[in-house]
Amino acid sequence: MRLGHVSLKVLDLEAALDHYTNTLGMLVTHRDGDERVFLKGWDEWDKYSLILNAASEAGVESIAFKVEKPGELDDFLRRIDASGIAVAEVGQGELPFCGRAIRFQLPSGHTMFLYAEKAFVGKLVGATNPEPWPDGLKGAGVHWLDHVMLMAEVDPARGINKVAETVDFFRDTLDFHLGEQVMAGPNADIQVAAWMFRTTTPHDFAIGAGPRAGLHHIAFFLDDWSDVLKTADILAKRRVKVDVTPQRHGITRGSTTYFFDPSGNRNETFAGLGYLTQPDMPVITWTEEELWRGIFYHTGDEIGNFLGVYT
Ligand code: CA
Ligand code: FE
């Protein structure tokens, strides 16, 4: 149904908490001592969409998608097993505040969960005659966790393409739709990045090629371009390390700003619908020559660290 949460590793829990609450405006919904904190955006209704885990390295611990009905977990368990990927049942509550779940390792090497039930908290504006936005939001006041982009190993010389393997798995086994892709190589037959969706937004999951598995970024939704600009102001005021100032993406058409949390995990604030996705939408393909136009539409310039630096 949607990206349910991302479990992040952070080097300094208090510094991370300050970032995700005071800069991004997320709300703390639970805390396990000095170990981990659970947060949600004001416009989300489930208990959390982000877990911050105190760790000795930065990066992503796992990602989790929510399915609509518990019975679907049995179908996915069978299908994932049939695809040749090891899948385990996870008891109720083992994934905090969630019902039973299933856990498996993506071809990219990342751990992923599917679950159907998570404790309900509700939107900050409630569900009866709601105001359009709540008072007292801090920082960017992000609405919700919009998507996650992972990195996976691609080495054509050794016949390795874990991006393509992961995309095939998401499409064929998890019923995701492919929205956009980048095809590279002399014959333009090497899939080096992809944007996939279950919702009607241009992507809920993305994956790109790198020398090793990792996290490229997690992205939070804002209404529109002026919110992206204001967020960049907030980043500057708070002396947050900005990666890319407000821009338009060619791929997905979103407006965007990239920056880093105190552990070096890349964040994005992403605004606008981009376009409405539907399961039968033709797949959009970007060529290697126009890759950077796809990433940063206005300049089309390569920003080396953007693909080379990640956690
Ligand atoms: Ca999305
Ligand atoms: Fe993104």
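One-based numbering, in listed order, for ligands and for the atoms of each.
The Ca ion (ligand 1) is closest to atom OD1 of Asp204 (considering only N, O or S atoms). The Ca ion (ligand 1) lies closest to atom O when only the N/O/S atoms of His203 are considered.
Taking the six-membered ring for Trp and the full ring otherwise, His249 and Tyr258 have centroids separated by under 6.0 Å. Residues Phe221 and His147 keep their aromatic ring centres 6.0 Å or farther apart. Aromatic ring centres of Phe270 and His217 lie farther apart than the 6.0 Å criterion allows. If you look at Phe104 and Phe169, their ring centroids are closer than 6.0 Å.
Angle OG1(Thr201) to the Ca ion (ligand 1) to OD2(Asp146): 120° [nearest 10 degrees].
Partners of Asp74 according to the salt bridge (Lys or Arg N to Asp or Glu O under 4.0 Å) rule, which considers only residues two or more places apart in sequence or in another chain, are Arg100.
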Is there a side chain to side chain contact (heavy atoms under 4.5 Å, CB included) between Thr277 and His177 once you walk through the steps?
CA-CA 9 Å; Thr277 50; His177 308 289; over 6 Å; no
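For a distance threshold of 2.8 Å, the protein N, O or S atoms nearer than that to the Fe ion (ligand 2), listed by chain and number, are His147 NE2, His217 NE2, Glu268 OE1.
Classification of the His143-Trp42 ring pair by plane angle, with boundaries at 30° and 60°, yields tilted.
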